[in-house]
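The structure appears below as structure tokens.
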Amino acid sequence: MKKILFVFGLSSVMLFANAQPVQPYGPVPSAAQLAWHEMETNAFVHFTVNTFTGREWGNGDEKESIFNPSQTDPEQWARVLAQTGFKTLILTCKHHDGFCLWPSKYTEHSIKNSPYKNGKGDLVKETSDACKKYGIKFGVYLSPWDRNNANYGTPAYIEYYRNQLKELFTNYGPVSEMWFDGANGGKGYYGGANETRNVDRQHYYDWPGTLALIRTMQPNVIFFSDAGPGVRWVGNESGLAGETNWNTISTDTLYAGKAGVEDLLNTGSPDGNKWIPAEVDVSIRPGWFYHKEEDSLVKSPERLFEIYLTSVGRGSTLLLNVPPDKRGLFNEHDIKSLEGFRKLLNTTFAVNLAKHAKVTATSYRGHSKEFSPANITDENKNSYWATDDAVKTGSLVINLGKTAIVKYIMLQEYIQLGQRVSSFSVEVWKNNRWKQVANATTIGYKRILKIDPVKTNKIRVNIIGANACPVISNVGVY
Ligand code: FUL
């Protein structure tokens with residue numbers, strides 16, 4: 001008996017020794033980016049003078065007195081978002097109109113001159129406090145374009161913008177994401193000049209200097225802009241990540257507000273030199289701000305679920321905008337939709353038919369347990385199936401152990417080692433043979449494929465193309 005154990009032990013040690021760790025392929029996410037991927041659903045909150053004027057872009061000449069919400073309750077925003085599974089709230093601290101939701105000492109165009117709490121309110125503080133209370137992260141949107149400021153277009157405005165960033169990054173606790181909007185320059189009030197001002201978008205803001213400044217205050221913040229460097233724009237505002245969606249892209253030729261690069265932003269590129277994943281920003285309503293006439297046009301739970309599939313389900317993170325109404329509350333229509341959406345998500349993905357299912361693979365790395373196919377159904381995000389370096393294709397057969405109706409397949413790459421898969425297909429065992437039910441390109445952090453409901457007891461995933469040996473951490477079947 002002892003002898004057998006010894007032989008067994010020795011052979012597994014030898015096998016283990018044969019399997020080299022997988023080396024990272026290409027750019028990989030930072031710890032902050034990885035945490036951002038894992039959040040999956042975040043929320044935007046657009047609130048300013050536009051809520052009261054009915055506009056989408058304020059001109060900058062709005063009177064502070066019009067900002068007069070009667071029942072503003074950031075705790076309601078944070079509570080609803082936390083309860084419906086959102087992990088971050090990003091607030092428009094200042095939109096293009098220049099009105100500030102905190103009492104900035106650098107301008108009179110702010111909440112301090114509004115009737116809100118008799119000028120004593122600070123919605124940035126109230127919102128960041130509410131986020132802390134409900135356990136979600138807080139993010140900041142500060143529009144680079146400012147249609148109120150007289151100095152917009154001159155170096156003095158850059159100093160103003162940076163002073164405001166200093167206020168936001170030192171007075172309100174940790175900021176998880178900083179959102180730099182690409183919309184820039186054009187007509188505006190500009191302190192009474194009422195003219196068109198265009199800036200050289202690439203150089204005017206000196207982005208490297210601004211980012212360096214913020215990093216001295218909060219080194220871990222994720223920067224969103226068209227070009228990153230933390231996360232990139234997805235190239236549209238309709239909820240669609242690319243069906244092919246690389247987290248990698250070369251940003252040398254990109255910068256916030258550059259036109260004509262939407263397609264590239266949407267798909268990224270397999271040979272990109274930086275890890276800058278796409279973030280899918282979309283509003284629950286047709287507009288970014290609340291307008292009563294759009295109450296009937298709030299996206300339904302089913303529509304939000306589709307958007308989830310074309311954002312999170314394509315390896316991105318969803319940033320869903322929920323704008324407070326004139327009372328300063330999330331509107332009943334929006335809350336109903338959010339709750340329905342989360343319920344739909346919870347019920348659809350409640351039972352993973354592949355949990356602890358038996359899996360076989362055409363091969364696995366060094367024939368070592370560390371990289372065995374069983375790792376894709378153990379629901380442990382840190383274990384994975386991998387092949388030998390020279391093997392860039394392979395098939396995994398998942399035996400469900402019983403026949404069930406399958407509607408969704410979910411796959412995840414272990415992105416800490418880079419994004420690899422460029423082509424794969426899924427088959428089901430039906431009438432004694434394999435039947436293809438889906439084929440797709442990239443996987444990344446997460447890929448969810450919706451298939452025509454089918455009764456089966458076995459699923460086969462075929463990795464058809466990969467830029468380096470595939471490394472798959474999870475496959476779920478629903
Ligand atoms: C755009 C802005 O112009 C919209 O008003 C909104 O803030 C959206 C998130 O970004 O570029």
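All values derive from a computational prediction rather than experimental measurement. Read the numbers this way: they start at 1 and go in the same order the structure lists the ligands and their atoms. Numbers for residues simply follow the sequence, beginning at 1.
Between His96 and Trp145, the ring planes lie tilted relative to each other; the angle falls in the 30° to 60° range. Between Tyr157 and Tyr204, the ring planes lie parallel to each other; the angle is under 30°, not in the 30° to 60° tilted range. Note on ring orientation: taking the six-membered ring where Trp is involved, the planes of Trp77 and Phe47 are perpendicular (angle over 60°, cut-offs 30° and 60°). Ring geometry for Tyr414 against Tyr384 counts as tilted: the plane angle lies between 30° and 60°, on a 0 to 90° scale.
Of all atoms in ligand 1, listed by their number and element, those nearer than 4.0 Å to a heavy atom of Glu237 are 1 (C), 8 (C), 10 (O), 11 (O). Shown in contact with Ala183 at under 4.0 Å from a heavy atom are these atoms of ligand 1, numbered in order with element: 3 (O), 11 (O). Close approach of ligand 1 to His96 is summarised as follows: ligand atoms under 4.0 Å from at least one heavy atom of the residue are 2 (C), 3 (O).
Counting heavy atoms closer than 4.0 Å to ligand 1, residue Asp281 contributes side-chain atoms (C-beta onward) but none from N, CA, C or O.
Contact analysis puts Trp57 in contact with ligand 1, with a non-hydrogen atom separation below 4.0 angstrom.
Nearest to atom 4 (C) of ligand 1 by heavy atom, out of Glu56, Arg55, His95, is His95. Of all the listed residues (Phe44, Phe224, Trp233, Trp288), Trp288 holds the heavy atom that lies closest to atom 8 (C) of ligand 1.
Among all protein heavy atoms, the one lying closest to atom 10 (O) of ligand 1 is Asp181 OD2, 2.9 Å. The shortest contact between atom 7 (O) of ligand 1 and any protein heavy atom is with His46 NE2, 2.7 Å.
Using a 4.5 Å heavy-atom threshold, the side chains of Leu142 and Lys94 count as touching. Using a 4.5 Å cut-off on side-chain heavy atoms (C-beta onward), Met178 and Gln218 make no contact.
Applying the 6.0 Å contact sphere to CG of Asn118 captures no more than 12 heavy atoms from other residues, nucleotides or ligands.
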